Amino acid sequence: MGLNAAYSLSKFSDALVPCDDLDGDNRPDNLQAPPTLAQLQEAYGTDYLGSCLLSQRASPLAPFSASVRTSYNHDFNSGLQGFARGLYSFTGASQGDPQVANDDLGAFGILDLFAGLRHPAGSWEIMAYAKNVLDEVNVTRSDALVSTAYRTPAAQTATALYRNVGISSEREFGINLRFAFGSR
């Protein structure tokens with residue numbers, strides 16, 4: 001049995017970072033559409049780049065993660081060995097952009113199980129597995145909000161806001177069969 005755990009939390013403290021601060025309040029603006037050139041020139045002059053002093057997490061990744069793995073082997077005879085393994089991976093809650101209410105991610109865990117038979121010398125192995133046994137569906141990544149322009153069927157230009165997200169894989173069952181030919 002083994003346990004790995006990691007904790008890493010880094011923060012900005014009054015750090016000058018690039019941001020859209022068109023109103024000059026030293027906080028990132030929550031824009032619904034990209035700023036126009038005229039708005040950028042009015043807010044920043046010829047620099048075209050805004051900045052804010054921020055105190056927040058430096059990364060949207062979860063500061064805590066852990067995994068527990070276990071393995072059991074049993075020799076049935078000189079030519080047959082059985083095994084069972086388990087892996088539980090936990091990811092703590094993460095905090096995205098403080099200006100965006102819906103990009104924080106909750107904590108989640110995934111359980112994977114494996115069982116099989118093999119030749120003790122490693123010449124062959126058959127293994128059945130079940131990944132994400134509890135069928136947990138979790139958002140694992142939430143990228144920054146993006147605005148994109150597109151043309152409507154009536155040839156008008158419109159914008160849409162979207163966010164790319166990643167989700168955990170669905171429950172999966174399978175069987176692996178492995179043969180080793182030649183030297184091992």
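These figures come from a predicted structure and were not determined experimentally.
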Subject >> Pro35 to Gln39 - nearest heavy-atom pair and separation >> reply: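 Between these two residues, the closest heavy atoms are CA-OE1, 3.2 Å.
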Original post:
Is Phe90 close to Phe64 at the side-chain level, that is, under 4.5 Å between some pair of heavy atoms?
Top reply: yes
Original post:
Closest approach of Ile126 and Ile175, non-hydrogen atoms and distance?
Top reply: CG1-CG2, 4.1 Å
Original post:
OG of Ser168 to CD1 of Ile110: how many Å apart, nearest 0.5 Å?
Top reply: 4.5 Å
Original post:
Going from CG on Leu117 to CG on Leu80, what distance comes out if it is rounded to the nearest 0.5 angstrom?
Top reply: 5.0 Å
Subject >> Closest heavy-atom pair and its distance - Leu40, Leu22 >> reply: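 That would be CD2-CD2, 4.3 Å.
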Subject >> Exam field: side chain Asn4 to backbone Ser67, donor-acceptor pair closer than 3.5 Å >> reply: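 No: the side chain of Asn4 does not pair with the backbone of Ser67.
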Subject >> Option among Arg171, Glu172, Glu170 that satisfies the side-chain contact (heavy atoms from CB on, under 4.5 Å) test with Lys131 >> reply: Glu172
**OP:** Kindly say whether Asn77 contributes a backbone atom to a donor-acceptor pair with the side chain of Asp75 at under 3.5 angstrom?
**Re:** no
**OP:** Starting at CG of Leu113, measure out to CG of Asn132 and round the result to the nearest 0.5 Å.
**Re:**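 Atom-to-atom, Leu113:CG and Asn132:CG are 10.5 Å apart.
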Original post:
Distance from Leu87 atom CG to Ser71 atom OG, nearest 0.5 Å?
Top reply: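 OG of Ser71 is found 11.5 Å from CG of Leu87.
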Original post:
Taking all atoms of both residues into account, what is the closest heavy-atom pair of Gly92 and Ala62, and its distance?
Top reply: O-CB, 3.0 Å
Subject >> From CZ (Phe83) to CG (Asn73), nearest 0.5 Å >> reply: 8.0 Å
Subject >> Distance, nearest 0.5 Å, that separates CG of Leu111 from OG of Ser89 >> reply: 9.0 Å
Original post:
Can you name the nearest heavy-atom pair linking Tyr44 to Cys19, along with the distance?
Top reply: OH-O, 3.7 Å
Original post:
What closest approach, in Å, do Gly79 and Trp124 show between heavy atoms, and which atom pair accounts for it?
Top reply: O-CZ2, 4.3 Å
Subject >> Steps toward side chain to side chain contact (heavy atoms under 4.5 Å, CB included) verdict (Asp112, Tyr129) >> reply: CA-CA 8 Å; Asp112 298 333; Tyr129 64 85; over 6 Å; no
Original post:
Taking the six-membered ring of Tyr72 as reference, does the NZ or CZ atom of Arg85 fall below 6.0 Å from its centre and within a 45° cone about the axis?
Top reply: no
Subject >> Residues in ring-ring contact (aromatic ring centres under 6.0 Å, His included) contact with Phe76, at least two apart in sequence or another chain >> reply: His74
